[in-house]
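Model, not experiment: these values are computed from the prediction. In the text below, chain A, chain B and the rest are named by the order of the sequence lines, each starting its count at 1.
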2 protein chains.
Amino acid sequence: MPNMVQLDAIDRAIVLELQKESRLSYAEIGARVGLSAAAVHERVKKLERKGVIEAYRIQVNPKAVGLQVTAFIAVRLQNDATCADVAPTFGDFPEVEECHSAAGDIDVLLKARTATPEDLERLLYRIKRVPGVSRTTSTVVLSTQFENRPLIPVEPE
Amino acid sequence: MPNMVQLDAIDRAIVLELQKESRLSYAEIGARVGLSAAAVHERVKKLERKGVIEAYRIQVNPKAVGLQVTAFIAVRLQNDATCADVAPTFGDFPEVEECHSAAGDIDVLLKARTATPEDLERLLYRIKRVPGVSRTTSTVVLSTQFENRPLIPVEPE
DNA sequence: GCTGAAATAGGTCATAT
DNA sequence: ATATGACCTATTTCAGC
């Protein structure tokens, strides 16, 4: 499969642990998976080189930093526009956290966060004016049950 | 505003830097924001205590761990069911990464990842059989332009 | 590819301003 | 609330298996 990297059971366990808590010491991870700290270190560096681990980040509580509103915005494009055309412009809006090209009667799916409903309204207005955008359909999030759950690596057959 | 924490310009800068790269040393962050390492350390601990920083995580490339398919699943519930009722069951599916309660003609919005389209089909079948679920509408992601962008903390007025 | 130990770097804490 | 310096723990590297 394209982009897929062969991971053994220990690699998968390391990836899972680091998704939950990336500041575990290599010694602690080693104790959990049955390796020395140096061996864990070597595997982690290899996972970084192979592109399995893309970045080390903090998870921020959106409400605590003033972003009270989350919305998913479905965008229909005009027939002569592609997602690749409009994505850079959507990327200029810092409120837009994700941008996907989609199949179905939607062409582009965005996830956005704003401080207030009024800010979301202004963002939608700006999105509608992006060249190539035909129309938008928004779904406002009322509450979030869970988000940012760890990905479970697939076992190779 | 509820849950909102007052952050000054330095706190916002620290949160932004750590979202991009959480393994920066406190000394390096201090150099960027104009503080000593110990002062940065104290602010970071305070941000953790206040719940602004929820976790330290790695960002994993889904394709590299075998998750080739991403989909957003819109769920309509029966009138006697709430998102809080069904969310725990959705949480039992490890493929479901996010679960939001939504306004509009959708009641619950899920983001899910599977290895193959066939696995997505099986997941949808299981979701449809969850008590309280009326119907589902799926949007399959063809390509992702960007994801996991940092949240820009809002300046208090 | 793993281990164990040595060297380096960073995190932490007490004290002072 | 921040700075300094001493201490301590983790990371990193490397020789040997």
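No hydrogens or angles considered: a donor-acceptor pair under 3.5 Å links the side chains of A:Asp119 and A:Thr116. For the residue pair B:Thr82 and B:Asp85, a side-chain donor N or O sits within less than 3.5 Å of a side-chain acceptor on the partner.
Nearer to the 5' terminus of DNA chain C, by closest-nucleotide assignment, is the contact made by A:Glu42 (compared with the other of A:Glu42 and A:Ala38).
Checked against A:Arg113 for a side-chain hydrogen bond (donor to acceptor under 3.5 Å, both in side chains), the options A:Gln68, A:Glu97, A:Glu95 give a single hit: A:Glu97. A side-chain contact (heavy atoms from CB on, under 4.5 Å) with A:Lys63 is found for one member of A:Leu67, A:Asn61, A:Val65, A:Val60 and no other, namely A:Asn61.
Listed pair B:His41 / C:dG11 fails the phosphate criterion, with no side-chain N or O lying under 4.0 Å from OP1 or OP2.
A heavy-atom distance below 4.0 Å to DNA chain C is reached by these residues of residues 13-36 of chain A, ordered by number: A:Leu35, A:Ser36.
Interatomic distance, A:Glu147 CD to B:Cys99 SG, rounded to the nearest 0.5 Å: 10.5 Å.
Grouped with A:Val86 in one hydrophobic cluster are A:Val69, A:Ile73, A:Val75, A:Leu77, A:Phe90, A:Phe93, A:Val96, A:Val108, A:Leu110, A:Leu120, A:Leu123, A:Leu124, A:Ile127, A:Val130, A:Val133, A:Val140, B:Phe146, the linkage being side-chain heavy-atom contacts under 4.5 Å among Ile, Leu, Val, Met, Phe, Trp and Tyr residues.
Backbone-only engagement by B:Ala39 is indicated by non-hydrogen atom pairs under 4.0 Å involving sugar-phosphate atoms exclusively.
The pair B:Arg43-B:Asp11 meets the salt-bridge criterion, since a charged nitrogen lies less than 4.0 angstrom from a carboxylate oxygen.
In the helix from C:dG1-D:dC17 to C:dT17-D:dA1, the rotation axis of the first five pairs and that of the last five pairs differ in direction by 30°, rounded to 10 degrees.
Atoms CZ (A:Arg43) and C1' (C:dC2) sit 9 Å apart, rounded to a whole Å. Per the geometry, OH belonging to B:Tyr56 stands 14 Å off C1' belonging to C:dG10, to the nearest Å. Nucleotide C:dG10 holds its C1' atom 13 Å from the NZ atom of B:Lys45, rounded to whole Å.
Taken together through direct or relayed side-chain contacts under 4.5 Å among Ile, Leu, Val, Met, Phe, Trp and Tyr, A:Leu47 and A:Ile152 form parts of separate hydrophobic clusters.
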